[in-house]
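Bear in mind that the values here come from a model prediction, so they are computed numbers and not experimental data.
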Amino acid sequence: MSAYRTGDPLDRRRFLTAAALRGATVIGTGALTTGALSAGALGTGVIGATALGAVDADAAFAAPIRPLDPAVAESAFAEGRITAINQDVLEVAGSYGDHSRVRVTNATSVWKARATTAADIETGDGLYARGLPLPDGTLAADAVWVNIVNLHATIRGIEKTRLHLAHGQHEIVGNLMAQTTSASYGDASPTADLSRLTIGQSAQVLGAWRPSDGSVDLVRVAVAPGAGRRR
């Protein structure tokens with residue numbers, strides 16, 4: 001299993017970024033339905049999500065916290081590509097040839113460009129999960145981030161519904177989503193006003209990769225202090 005403890009070294013941005021750049025092959029089309037999450041498969045070994053840390057998108061990149069309650073075990077993590085879904089267990093092929101089994105329950109928080117449910121998880125998706133290891137070797141997930149990416153990029157083109165981004169040698173299409181995509185200018189709070197984004201700006205991009213076409217649904221585009229000022 002590829003779950004690891006909070007003390008292990010971890011470059012999260014590196015392997016989460018890689019998901020958006022490694023291609024768009026979809027392994028399958030199966031989805032985890034709410035009906036598959038039967039009562040007999042739920043609630044085993046899962047504690048409240050807030051005991052292990054936050055569950056928003058930024059929490060995927062934050063340093064893990066150590067539980068204040070000594071009775072609460074330290075969180076573990078798993079990552080990779082979902083190859084199969086067996087009822088409430090996700091089979092995950094890790095980035096380094098390893099394998100994880102991640103158990104999703106009715107207590108699991110799921111993020112996929114927005115807060116959602118396990119019904120939106122599909123085979124072929126990339127996964128980053130936090131939770132507690134169970135005696136059977138599975139990871140009981142309290143939070144799952146699906147297809148999440150965090151890129152440093154340069155804005156190369158701006159259209160009504162998308163941005164064209166350059167990340168190293170890679171060209172990435174960023175999908176602008178009504179009611180979801182926001183921009184952050186310097187230290188200011190995120191805003192729905194994207195009008196101050198300009199070609200040539202360096203930006204940190206938080207979003208969700210689309211395995212079907214390799215594009216990224218943009219959640220937040222943050223540009224450096226001083227950028228985006230109207231002259």
Side-chain angles (χ1 to χ4, degrees), residues 1-4 10 12 15-49 52-53 55-57 59-61 75-150 175 177 180 207-217 219:
M1 166 172 192
S2 66
Y4 41 83
L10 171 65
R12 303 178 188 194
F15 70 69
L16 291 170
T17 294
L21 305 177
R22 66 165 63 118
T25 301
V26 177
I27 297 176
T29 58
L32 183 64
T33 65
T34 53
L37 298 178
S38 60
L42 299 177
T44 305
V46 176
I47 63 173
L52 298 181
V55 294
D56 60 12
F61 306 95
S75 54
F77 299 86
E79 61 81 26
R81 196 82 174 270
I82 300 171
T83 59
I85 299 174
N86 299 317
Q87 294 188 331
D88 63 333
V89 174
L90 311 177
E91 304 289 343
V92 181
S95 298
Y96 305 101
D98 47 8
H99 179 265
S100 301
R101 301 178 73 243
V102 177
R103 187 177 299 277
V104 220
T105 79
N106 58 352
T108 304
S109 171
V110 179
W111 183 95
K112 191 176 184 179
R114 56 183 173 81
T116 185
T117 68
D120 281 341
I121 300 175
E122 299 179 298
T123 53
D125 282 338
L127 170 143
Y128 180 60
R130 181 187 67 203
L132 297 177
L134 298 179
D136 65 359
T138 61
L139 179 73
D142 83 302
V144 171
W145 294 272
V146 182
N147 295 334
I148 189 169
V149 292
N150 195 346
N175 305 303
M177 301 182 294
T180 300
W209 167 60
R210 286 188 186 180
S212 59
D213 61 11
S215 66
V216 174
D217 289 339
V219 173

For residues [X] and [Y], report the shortest heavy-atom separation together with the two atoms involved.
X	Y	result
Ala76	Pro133	CB-CD, 4.1 Å
Trp209	Val149	CB-CG1, 4.2 Å
Val104	Ala118	CG1-CB, 4.3 Å
Thr180	Ala113	CG2-O, 4.0 Å
Thr138	Arg101	CG2-NH1, 3.0 Å
Val92	Val102	CG2-CG2, 4.1 Å

Rounded distance (nearest 0.5 Å) linking atom [atom1] of [X] with atom [atom2] of [Y]:
X	Y	atom1	atom2	value
Thr108	Arg130	OG1	CZ	11.0 Å
Glu91	Ser100	CD	OG	9.5 Å
Leu90	Leu127	CG	CG	6.0 Å
Trp111	Asn147	CH2	CG	8.5 Å

Determine, for Asp217 against Arg114, whether the closest basic-nitrogen to carboxylate-oxygen distance falls under 4.0 angstrom.
no

Taking the basic N atoms (NZ, or NE/NH1/NH2) and the acidic carboxylate oxygens, is any pair closer than 4.0 Å for Lys112 and Asp125?
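Yes.
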
Taking Thr83's backbone N and O only, do any of them form a donor-acceptor pair with Thr123's side chain (distance below 3.5 Å, no angle check)?
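Answer holds: no.
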
Any side-chain heavy atom of Glu122 sitting closer than 4.5 Å to one from Ile82?
no

